[in-house]
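Report on one structure; see the data block that follows.
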Amino acid sequence: QVQLQESGPGLVKPSQTLSLTCTVSGGSITANPFYWNWIRQPPGKGLEWVGAITYTGNTNYSPSLESRTSISRDTSKNQFTLHLSSVTPEDTAVYYCARDGSNHWPGDKYWGQGTQVAVSS
């Protein structure tokens with residue numbers, strides 16, 4: 001069974017960079033044809049896709065966040081990491097990592113439990 005676990009700080013200061021790591025077990029982040037995503041949910045709002053890294057290491061980002069988003073991976077640790085720079089209070093959200101497949105079949109979708117991040121001075 002595939003499991004994903006987010007880790008990182010629960011509080012960051014405005015203008016700083018938020019770094020969150022997703023540790024994957026039960027499946028390889030290099031396995032074809034899977035995509036490894038970051039999604040967030042601000043309080044009282046809906047889910048927002050942040051970006052993804054594919055099994056090949058290719059990255060894609062939400063246009064609204066691309067300028068300050070970077071996703072990297074460490075295949076030896078089976079981890080991928082979100083870096084969101086220049087954060088503001090509007091970046092406060094629960095952040096999830098999640099797997100999806102190229103065909104978007106429901107059975108290929110796995111979510112982490114999420115981690116709450118507050119941006120505040």
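Values below: all heavy atoms of this structure, side chains included; hydrogens, waters and symmetry mates excluded. Throughout, numbering of the chain's residues begins at 1 and tracks the sequence.
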Would V2 end up clustered with I39 when hydrophobic side chains under 4.5 Å apart are linked, directly or stepwise? no
Do N60 and Y35 have side chains that approach each other closer than 4.5 Å (heavy atoms only, starting at C-beta)? no
Roughly how far, to the nearest 0.5 Å, is the CG atom of L18 from the OG atom of S85? 10.0 Å
Show, in sequence, the C-alpha distance, side-chain angles and deciding distance for I29 and R73, and conclude whether the side chain to side chain contact (heavy atoms under 4.5 Å, CB included) test is met. CA-CA 9 Å; I29 63 172; R73 67 179 183 172; 3.9 Å; yes
Report whether V119 and Y95 are members of the same hydrophobic cluster (ILVMFWY, side-chain heavy atoms less than 4.5 Å apart, transitive linking). yes
Audit row: S7, T21, side chain to side chain donor-acceptor pair (under 3.5 Å) steps and yes/no: CA-CA 5 Å; S7 62; T21 295; 4.8 Å; no
Distance col, row D91:CG vs E48:CD, nearest 0.5 angstrom, shows 8.5 Å
Sequence neighbours excluded, the answer for salt bridge (charged side-chain N to carboxylate O under 4.0 Å, His left out) partners of D100 is K109
Let me see the working for T54 and W36 under side chain to side chain contact (heavy atoms under 4.5 Å, CB included), right down to the final yes or no. CA-CA 6 Å; T54 74; W36 304 92; over 6 Å; no
Donor-acceptor contact below 3.5 Å, side chain E6 vs main chain C97: yes
With rounding to the nearest 0.5 Å, note down the distance linking OG in S25 to CG in N78. 8.0 Å
Just by distance, with hydrogens left out, do H83 and T17 show a side-chain donor and acceptor under 3.5 Å apart? no
Test Q5 against T23 for side chain to side chain donor-acceptor pair (under 3.5 Å), laying out the working first. CA-CA 5 Å; Q5 179 65 60; T23 300; over 6 Å; no
Same hydrophobic cluster for I71 and L65, using side-chain heavy-atom links shorter than 4.5 Å among ILVMFWY? yes
In the hydrophobic cluster built from side-chain contacts under 4.5 Å, what are the other members alongside W105? none
Counting neighbours of CD on Q116 that are heavy atoms of other residues, nucleotides or ligands and sit closer than 6.0 Å, is the number greater than 12? no
If the condition is side chain to side chain donor-acceptor pair (under 3.5 Å), which residues does D74 pass it with, not counting sequence neighbours? S76
Looking at N37 and A52, would you say the former's side chain and the latter's main chain have a donor-acceptor pair under 3.5 Å? no
Check whether any side-chain heavy atom of V50 lies under 4.5 Å from a side-chain heavy atom of L82, and answer yes or no. yes
Applying side chain to side chain contact (heavy atoms under 4.5 Å, CB included) to D108 and N103, what does each step give before you reach the verdict? CA-CA 9 Å; D108 287 335; N103 290 325; 5.7 Å; no
Pairing donors with acceptors under 3.5 angstrom, does anything connect the side chains of T30 and T75? no
Audit row: V117, L11, side chain to side chain contact (heavy atoms under 4.5 Å, CB included) steps and yes/no: CA-CA 6 Å; V117 177; L11 179 67; over 6 Å; no
Would you check if T59 and S70 make a side-chain contact, meaning some heavy-atom pair closer than 4.5 Å? no
Indicate yes or no: at least one non-hydrogen side-chain atom of Y110 is less than 4.5 angstrom from one of Q3. no
Check each of Y61, F80, W49 against W38 using the ring pair (Phe, Tyr, Trp, His ring centres under 6.0 Å) test, and report the only one that passes. F80
Does V94 offer a backbone N or O that forms a donor-acceptor pair with the side chain of R40 under 3.5 Å? no
Looking at side-chain heavy atoms only, is the closest gap between I53 and S72 below 4.5 Å? no
pair P14-T88: side-chain heavy atoms closer than 4.5 Å: no
Ring-face cation of R99 near F34 (centre distance under 6.0 Å, axis angle within 45°): yes
Out of curiosity, does L4 fall in the hydrophobic cluster containing W111 (side-chain heavy atoms, cut-off under 4.5 Å, transitive links)? no
